[in-house]
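Quick notes on the structure that follows.
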Amino acid sequence: AQGRLAKTDRIDAQVLSQFGAAMRPQPTAPRAAEMLRLHALVRRRQQIREILSAESNRAEHCQEPTLRRMQQSLHKQLRGQILKIDQLIQQLLRANAQLLLDRTDEAITSLEVARRLTVADPDLLATLGDLYVNRRQPREAVGAYLEAFAEDAPSLDRVLRAAEGLLLLDEPDEAGRLLERARALAARDGPSGSQQTGLLLLEAGLALAREDRETARRRYQDLVRQDPLNGQALLALGDMARADGDAGSAQLLYERAARVEGFEARALVQHAQLEVERRDYTAAVRLLESARAFDDRPHLSRYLEQVRRLAP
């Protein structure tokens with residue numbers, strides 16, 4: 001994807017060509033039909049804009065009231081057609097992006113087409129930002145998020161997700177700006193319970209990224225008091241205890257997190273890493289074997305084999 005913004009309504013043939021190239025690796029009849037439909041919509045949009053421009057020029061020199069009213073009516077019709085085409089392009093690209101979520105490069109190219117044509121709505125732009133986060137391109141992600149949240153009032157959930165993504169990319173300053181935006185939205189609308197949890201997690205993660213460990217610890221402890229089964233907070237507190245050399249507290253926190261649905265594998269692996277540090281390789285192997293019941297990805301198996309070689 002090019003990360004370029006349209007400054008005029010001129011159609012960039014190169015962008016459309018790249019969109020077509022991205023669709024070629026697995027050609028199918030539906031995909032070809034999508035391309036034909038996209039090109040037809042883009043071509044018609046440009047034709048209408050040219051007609052509208054020509055009519056606007058004529059209207060400047062028209063003195064006849066009846067003709068001016070007719071031109072105004074025509075302008076309204078043409079603008080309505082452009083709006084309808086823009087909506088169809090958005091729908092087509094949004095559906096295409098959903099189909100391509102497991103193929104990040106193709107999804108980004110698809111959404112950049114909408115961005116280049118200036119028809120990407122805030123939701124499409126925010127999705128583009130998420131995809132750039134997945135591809136670990138912070139500058140592009142920030143640009144897409146800023147554009148997505150520039151005018152329309154975004155949802156609090158959308159801003160929280162964007163801030164979390166930027167924090168994962170080690171962009172605390174940009175994440176902090178989005179946190180302030182999220183706080184303002186929460187103050188205006190009143191956050192739900194899950195949104196309040198998201199705010200606290202973001203505040204804790206941001207404090208940790210800025211090396212303010214005590215603030216981070218307090219936020220995570222607040223979260224665990226509110227919800228003893230908050231796996232993310234338990235794991236974070238376990239990591240902090242481990243970094244502080246408090247292996248006993250870290251073990252207890254990892255054991256608690258391992259009983260939380262969805263956090264079993266991470267908790268077992270982090271506990272195993274603690275046991276490796278304590279050179280109890282037999283315990284680490286046992287934990288990693290348990291983790292494989294929840295996560296069978298190759299990297300976990302490789303780590304298990306490495307630790308097995310260290311066990312007596």
Side-chain angles (χ1 to χ4, degrees), residues 126 129-130 133 136 138 141-142 145-146 149 153-278 287 291 294:
D130 295 342
V133 167
R136 306 198 66 80
V142 168
Y145 286 140
L146 290 179
F149 305 148
S155 71
L156 177 54
D157 288 329
R158 212 61 184 91
V159 175
L160 286 172
R161 191 163 74 208
E164 289 164 5
L166 293 178
L167 198 55
L168 287 173
L169 294 184
D170 196 24
E171 292 288 332
D173 291 341
E174 296 296 343
R177 292 187 184 95
L178 287 181
L179 173 59
E180 291 306 315
R181 185 79 180 272
R183 284 172 174 157
L185 290 169
R188 186 194 69 186
D189 301 330
S192 65
S194 63
Q195 289 170 337
Q196 184 61 44
T197 297
L199 280 166
L200 283 172
L201 282 170
L202 185 56
E203 289 172 359
L206 189 58
L208 203 56
R210 291 172 171 167
E211 300 184 359
D212 183 357
R213 292 173 58 80
E214 288 312 306
T215 297
R217 195 189 311 274
R218 286 196 299 272
R219 292 291 181 271
Y220 285 129
Q221 289 170 341
D222 289 343
L223 283 160
V224 172
R225 277 193 290 271
Q226 292 175 14
D227 177 11
L229 297 179
N230 189 304
Q232 192 169 340
L234 289 168
L235 287 175
L237 287 169
D239 288 344
M240 294 180 76
R242 179 174 150 200
D244 292 340
D246 187 353
S249 294
Q251 177 178 337
L252 290 173
L253 288 160
Y254 291 148
E255 288 174 350
R256 287 175 63 185
R259 294 192 287 272
V260 179
E261 184 177 358
F263 290 88
E264 301 94 341
R266 284 176 57 190
L268 289 164
V269 169
Q270 286 169 237
H271 188 177
Q273 291 170 337
L274 173 66
E275 298 302 338
V276 168
E277 291 171 3
R278 295 200 287 194
L287 290 163
F294 300 98

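Throughout, residue positions are numbered sequentially from 1 according to the sequence presented.
Residues forming a side chain to side chain donor-acceptor pair (under 3.5 Å) with Asp173 (at least two apart in sequence, or on another chain): none. Annotation: side chain to side chain donor-acceptor pair (under 3.5 Å) contacts of Ser192 (sequence neighbours excluded): Ser194, Gln195. Here Arg266 pairs with nothing under the salt bridge (Lys or Arg N to Asp or Glu O under 4.0 Å) rule; sequence neighbours left out. With sequence neighbours left out, Glu171 forms a side chain to side chain contact (heavy atoms under 4.5 Å, CB included) with Pro138, Leu166, Leu169, Glu174. Listed by chain and number, the residues in a side chain to side chain contact (heavy atoms under 4.5 Å, CB included) with Val159 are Phe149, Pro154, Leu178, Arg181, Ala182, Leu185 (sequence neighbours excluded). Take Arg259 and apply the side chain to side chain contact (heavy atoms under 4.5 Å, CB included) test, not counting sequence neighbours, and it matches Glu255, Arg256. Residues that satisfy the side chain to side chain contact (heavy atoms under 4.5 Å, CB included) test with Arg161, not counting sequence neighbours, are Asp130, Arg158. Taking Arg278 as the reference, Glu275 meet the salt bridge (Lys or Arg N to Asp or Glu O under 4.0 Å) condition, with sequence neighbours excluded.
Among all heavy-atom pairs drawn from Ala291 and Val269, the shortest one is CB-CG2, 4.0 Å. For Ala141 against Val133, the heavy-atom pair with the smallest separation is CB-CG2, 3.8 Å. Annotation for Ala204 and Ala216: closest pair O-CB, 3.5 Å, computed over non-hydrogen atoms. Contact record, Pro191 with Ala186: CD-O, 3.4 Å, taken as the closest heavy-atom pair. Residue Ala265 comes nearest to Phe294 through the heavy atom pair CB-CB, 3.9 Å, listed as atom of the first residue, atom of the second, then distance. Scanning all heavy atoms of the two residues, the minimum distance from Phe263 to Ala257 falls at CB-O, 3.7 Å.
Atom CG of Asp227 is separated from atom CD of Gln196 by 13.0 Å, given to the nearest 0.5 angstrom. Residue Leu199 holds its CG atom at 5.5 Å from CG of Leu156, rounded to the nearest 0.5 Å.
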> What do the steps show when you test Tyr220 against Leu223 for side-chain contact (heavy atoms from CB on, under 4.5 Å), and what is the final call?
Replying inline: CA-CA 5 Å; Tyr220 285 129; Leu223 283 160; 4.1 Å; yes
> Checking side-chain contact (heavy atoms from CB on, under 4.5 Å) for the pair Arg210/Thr215: CA distance, chi angles, key distance, verdict?
Replying inline: CA-CA 10 Å; Arg210 291 172 171 167; Thr215 297; over 6 Å; no
Side-chain polar contacts of residues 229-244 - donor-acceptor pairs under 3.5 angstrom, sequence neighbours left out - could you list them?
| residue | atom | partner | partner atom | Å |
| --- | --- | --- | --- | --- |
| Asn230 | OD1 | Gln232 | N | 3.3 |
| Asn230 | OD1 | Ala233 | N | 2.9 |
| Asp239 | OD1 | Tyr254 | OH | 2.5 |
| Asp239 | OD1 | Gln270 | NE2 | 2.8 |
| Asp239 | OD2 | Gln270 | NE2 | 3.1 |
| Arg242 | NE | Glu277 | OE1 | 3.3 |
| Arg242 | NE | Glu277 | OE2 | 3.0 |
| Arg242 | NH2 | Glu277 | OE2 | 2.8 |
| Asp244 | OD1 | Arg213 | NH2 | 2.8 |
| Asp244 | OD2 | Arg213 | NH2 | 3.4 |
| Asp244 | OD2 | Arg217 | NH2 | 3.0 |

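Considering only heavy atoms from C-beta on, Leu179 comes within 4.5 Å of Leu206 through its side chain.
Here salt bridge (charged side-chain N to carboxylate O under 4.0 Å, His left out) pairs that include residues 193-209, with residues two or more places apart or in two chains, are Arg183-Glu203, Glu203-Arg219. The stretch residues 184-194 participates, sequence neighbours left out, in no salt bridge (charged side-chain N to carboxylate O under 4.0 Å, His left out) pair at all.
A donor-acceptor pair under 3.5 Å is formed between the side chain of Glu264 and the backbone N or O of Gly262.
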